[in-house]
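The block underneath contains the structure these notes are about, expressed in structure tokens.
Everything numeric here is computed off the predicted structure, so don't read it as measured data. In each ligand, atom 1 is the first atom listed, and ligand 1 is the first ligand listed. Heads up: numbering here begins at 1 and tracks the sequence.
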Amino acid sequence: MSYALVDNFMRVERLPHIWCPGCGHGIVMASILRAIEKIGLDKDKVCVVSGIGCSSRAPGYMDFNTLHTTHGRALAFATGVKLANPELEVIVISGDGDLSAIGGNHLIHSARRNINITTICFNNNIYGMTGGQYSPTTPTHEKGTTAPYGNIDKAFDITKLAIGAGATYAAKSTVYHVNQLDKYIETAIRHKGFSLVEAISICPTYYGRKNKKGSVVDMMNFLKDSFVDHKVAEKLPPEKKEGKFLMGEFMNVVEPEYTELYDEIIERVKK
Ligand SMILES: Cc1ncc(C[n+]2csc(CCOP(=O)(O)OP(=O)(O)O)c2C)c(N)n1
Ligand code: SF4
């Protein structure tokens with residue numbers, strides 16, 4: 001991260017941060033800051049909202065209007081903020097547990113409404129903050145403290161879940177593919193409507209250690225080697241697609257936005 005980015009957009013008095021060495025979450029936070037800088041948003045018009053988790057600590061380090069709320073409820077608070085003041089650029093930061101377990105209902109209904117909130121999911125496939133319990137995105141057979149012999153659940157694809165619920169912008173990248181991540185976050189913030197960017201992050205302390213994923217460098221190399229853009233994958237022969245995960249922009253459409261529809265009703269009732 002550049003010094004200018006730190007000076008302009010971070011609460012340096014809050015440092016050092018709480019993240020473990022090698023945690024991917026700082027990379028996603030920096031990506032968000034770069035996108036905000038590039039768009040040139042007025043800091044006072046940005047509101048970053050989070051729930052609870054290692055990922056949800058990010059807004060505490062970011063120098064905007066910030067809300068650190070309760071576990072799973074970031075989108076509920078963010079909806080209130082956006083309806084009360086549609087002028088604000090509202091960005092939600094949420095972990096995979098926060099967004100797709102306890103907060104799953106808020107995710108689907110925010111997407112369904114197409115409210116103009118940008119949600120960035122820091123997906124490290126585990127509950128980091130509370131000690132490595134498995135989450136709805138932990139791959140089947142992988143381990144967590146609550147699945148010491150392997151998890152038998154089928155994992156959520158959060159991007160697909162959001163699209164199925166009505167998100168009008170949805171993209172996925174990783175903490176290795178930072179240029180794409182920057183681009184998708186910027187596009188998501190500029191998008192009018194509900195947007196989701198799933199940022200595949202790494203938790204070396206719990207997910208990596210429990211599943212013997214090797215060093216932080218090994219975990220980053222895994223992302224580099226395993227994720228392929230879905231448009232590139234379409235042209236690959238089946239044997240080259242084996243074991244690959246798809247990333248890229250999956251949805252980008254324009255539909256009526258919730259706070260505008262709400263304002264229309266207010267104007268109609270006033271007449
Ligand atoms: C209502 C409630 N239930 C449970 C918790 C405990 N809790 C705090 S963070 C967390 C999970 C965090 O995992 P995730 O959202 O994936 O974020 P990460 O820490 O991995 O970034 C849990 C279960 C809580 N704080 N409040
Ligand atoms: S426990 Fe995992 S998610 Fe939390 S700070 Fe450490 S590496 Fe990051």
Checklist line | Contacting atoms of ligand 2, where contact means under 4.0 angstrom from a heavy atom of Tyr206 | finding: 1 (S)
Notebook entry, point to check: With atoms numbered from 1 as shown, which atoms in ligand 2 lie under 4.0 angstrom from a non-hydrogen atom of Pro204?
Noted result: 7 (S)
Could you tell me the residue and atom name of the protein heavy atom closest to [atom], and the distance to it rounded to 0.1 Å?
{"atom": "atom 16 (O) of ligand 1", "value": "Gly97 N, 2.9 Å"}
{"atom": "atom 8 (Fe) of ligand 2", "value": "Cys23 SG, 2.4 Å"}
{"atom": "atom 2 (Fe) of ligand 2", "value": "Cys203 SG, 2.3 Å"}

Notebook entry, point to check: Should the pair Tyr258 and Tyr262 be assigned to parallel (<30°), tilted (30 to 60°) or perpendicular (>60°) ring geometry?
Noted result: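 Parallel: the ring planes of Tyr258 and Tyr262 meet at under 30°.
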Checklist line | SB check Glu186 Lys38 (cutoff 4.0 Å) | finding: yes
Next item on the list: Please work out whether any backbone atom (N, CA, C, O) or any side-chain heavy atom from C-beta onward of Met129 is under 4.0 Å from ligand 1, and answer side chain, backbone, both or neither.
Entry: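 Contact part for Met129 vs ligand 1: both backbone and side chain.
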Notebook entry, point to check: atom 3 (S) of ligand 2: which of Ile126, Ile202, Thr130, Asn124 has the nearest heavy atom?
Noted result: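 Closest candidate by heavy-atom distance is Asn124.
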For [X], counting its heavy atoms only, list the atoms of ligand 1 lying under 4.0 Å from any of them.
{"X": "Asp96", "value": "16 (O)"}
{"X": "Ile102", "value": "1 (C)"}
{"X": "His25", "value": "21 (O)"}
{"X": "Thr130", "value": "6 (C), 7 (N), 8 (C), 10 (C), 11 (C), 22 (C), 23 (C)"}
{"X": "Cys54", "value": "18 (P), 19 (O), 21 (O)"}
{"X": "Asp98", "value": "14 (P), 15 (O)"}

Margin query: Ring centroids only, cut at 6.0 angstrom: are Tyr127 and Tyr206 within range, meaning strictly under it?
Written below: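 They do not qualify: ring centres at least 6.0 Å apart.
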Note to self: With nothing but distance in play, are any N or O atoms of Ile126 less than 3.5 Å from an N or O of ligand 1?
What the structure shows: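 Between Ile126 and ligand 1 (N or O atoms, distance only) the closest approach is under 3.5 Å.
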Check: Between atom 6 (Fe) of ligand 2 and Cys20, is there an N, O or S atom separated by less than 2.8 Å?
Finding: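 Yes - counting backbone and side chain alike, Cys20 has an N, O or S atom under 2.8 Å.
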Next item on the list: Please state which part of Tyr207 comes within less than 4.0 Å of ligand 2, counting heavy atoms only: side chain, backbone, both or neither.
Entry: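 For Tyr207, there is no contact with ligand 2 at all, from either part.
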Next item on the list: Tell me whether Cys54 has at least one N, O or S atom under 2.8 Å from atom 8 (Fe) of ligand 2.
Entry: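 No, Cys54 does not qualify, because none of its backbone or side-chain N, O or S atoms lies under 2.8 Å.
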Next item on the list: Establish whether Ile266 and Leu88 are linked, either directly or via other cluster members, by ILVMFWY side-chain heavy-atom contacts under 4.5 Å.
Entry: yes
